[in-house]
Amino acid sequence: VTNASNGIIKIGNTGSGIYVENGNGTNNGRIEIGTGSIGMAVIRGLIVNNGDITSSSTNAIGMTQDGNGGSIDIINNGTITLTGDQSIGMHSKNAIGSTLTPHKILNVGTITVGDSVSSTSPSVGIYSENAVTGSVIENGGTVRAGNRSIGIYGKDIVLKGNATTEAGDGGIAVYSN
């Protein structure tokens with residue numbers, strides 16, 4: 001699935017702009033998402049954002065991957081701007097167990113998440129739930145988190161020399177567990 005550079009995808013509440021299973025998806029255009037919606041989602045495949053993903057709604061997710069037994073990477077070369085509370089720019093889950101292929105979340109673009117109402121349920125720029133050795137978050141771009149929000153949250157995090165990661169008042173730039 002490819003959204004062309006002049007393409008615009010608008011999705012309301014609890015939906016997905018691009019959803020790929022066992023394949024690849026690319027956004028070269030613009031994706032606008034509503035409350036509880038996802039800009040790009042993949043199960044066992046690859047998704048790449050070269051365009052813009054935006055939302056001012058709560059609980060929005062820019063890009064997400066679900067390991068579920070396959071090799072998956074997600075790459076942001078573009079811009080993800082989510083200003084609503086409890087939103088996540090890039091997200092990865094279910095790369096668990098020693099037999100699964102490690103996953104990579106790569107950001108060389110710009111991710112911005114807004115202020116959070118509470119630091120106990122914050123917005124997060126990049127979030128990985130994965131515990132598989134070799135699964136990594138790599139930031140070579142810019143991640144900005146608002147007040148009471150988190151820039152990057154995960155186990156294995158690599159910040160490249162040209163990376164910028166920042167958080168506002170009461171926030172955390174990088175949290176590694």
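Scope of the values below: all heavy atoms of this structure, side chains included, with no hydrogens, waters or symmetry mates. We count residues from 1, following the sequence as given.
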J.: Which heavy atom of D52 sits nearest a heavy atom of N27, and at what distance?
T.: O-ND2, 3.5 Å

J.: Tell me yes or no: between the side chains of Q65 and S92, is some donor less than 3.5 Å from an acceptor?
T.: yes

J.: Closest approach of I74 and V42, non-hydrogen atoms and distance?
T.: CG2-CG1, 4.1 Å

J.: Please identify each residue that fulfils side-chain hydrogen bond (donor to acceptor under 3.5 Å, both in side chains) with T142, with sequence neighbours left out.
T.: none

J.: Can you find a pair of side-chain heavy atoms, one from L159 and one from I152, that are under 4.5 Å apart?
T.: yes

J.: Drop me the distance from E32's CD to S55's OG, to the nearest 0.5 angstrom.
T.: 9.5 Å

J.: Measure the spacing between CG of L82 and OG of S57 and express it to the nearest 0.5 Å.
T.: 9.5 Å

J.: Applying the 4.5 Å side-chain criterion to the ILVMFWY set and letting contacts propagate, would Y153 and I111 be lumped into a single cluster?
T.: no

J.: If I compare all heavy atoms of Y175 with all of I150, which pair ends up nearest, and what's the gap?
T.: CB-CG2, 4.5 Å

J.: Honestly curious: do I11 and I61 fall in one hydrophobic cluster under the side-chain, below-4.5 Å linking rule?
T.: no

J.: Scan N49, T165, N76 and name whichever one has a side-chain hydrogen bond (donor to acceptor under 3.5 Å, both in side chains) with N107.
T.: N76

J.: So how far is it from T112 OG1 to R144 CZ, rounded to the nearest 0.5 Å?
T.: 5.5 Å

J.: Spell out, as yes or no, whether a donor-acceptor pair under 3.5 Å connects the side chain of N13 to the backbone of T35.
T.: yes

J.: side-chain contact (heavy atoms from CB on, under 4.5 Å), that's the test. Do T2 and N28 meet it? Break it down for me.
T.: CA-CA 7 Å; T2 299; N28 295 316; 3.7 Å; yes

J.: Would a distance-only check, ignoring hydrogens and angles, find a side-chain to backbone donor-acceptor pair under 3.5 Å from N147 to D169?
T.: yes

J.: What's the spacing between D156 CG and E138 CD if we round to 0.5 Å?
T.: 12.0 Å

J.: Could you tell me if the side chain of I105 sits less than 4.5 Å from the side chain of Y127, heavy atoms only?
T.: no

J.: Can you find a pair of side-chain heavy atoms, one from N77 and one from I75, that are under 4.5 Å apart?
T.: yes

J.: In the structure I gave you, are the side-chain heavy atoms of T58 and Q86 within less than 4.5 Å of one another anywhere?
T.: no

J.: Hey, any chance M63 and I9 share a hydrophobic cluster, counting ILVMFWY side chains that come within less than 4.5 Å of each other, even indirectly?
T.: yes

J.: Taking all non-hydrogen atoms of both residues into account, name the closest pair between A145 and G151 and its distance.
T.: CB-N, 3.6 Å

J.: Mind checking the CD1-CG spacing from I38 to N59? Nearest 0.5 Å is all I need.
T.: 11.0 Å

J.: Look up atom CD1 in I31 and atom CD1 in I80, then write down how far apart they are to the nearest 0.5 Å.
T.: 9.5 Å

J.: So if you build clusters from Ile, Leu, Val, Met, Phe, Trp, Tyr with side-chain heavy-atom gaps below 4.5 Å, do V174 and I88 land together?
T.: no

J.: I53 and I137: same hydrophobic cluster, using ILVMFWY side-chain contacts below 4.5 Å?
T.: yes

J.: Please name the pair of heavy atoms, one in T120 and one in S118, separated by the smallest distance, quoted to 0.1 Å.
T.: OG1-OG, 2.7 Å

J.: Where do S123 and S116 come nearest, in terms of heavy atoms and distance?
T.: N-OG, 2.7 Å

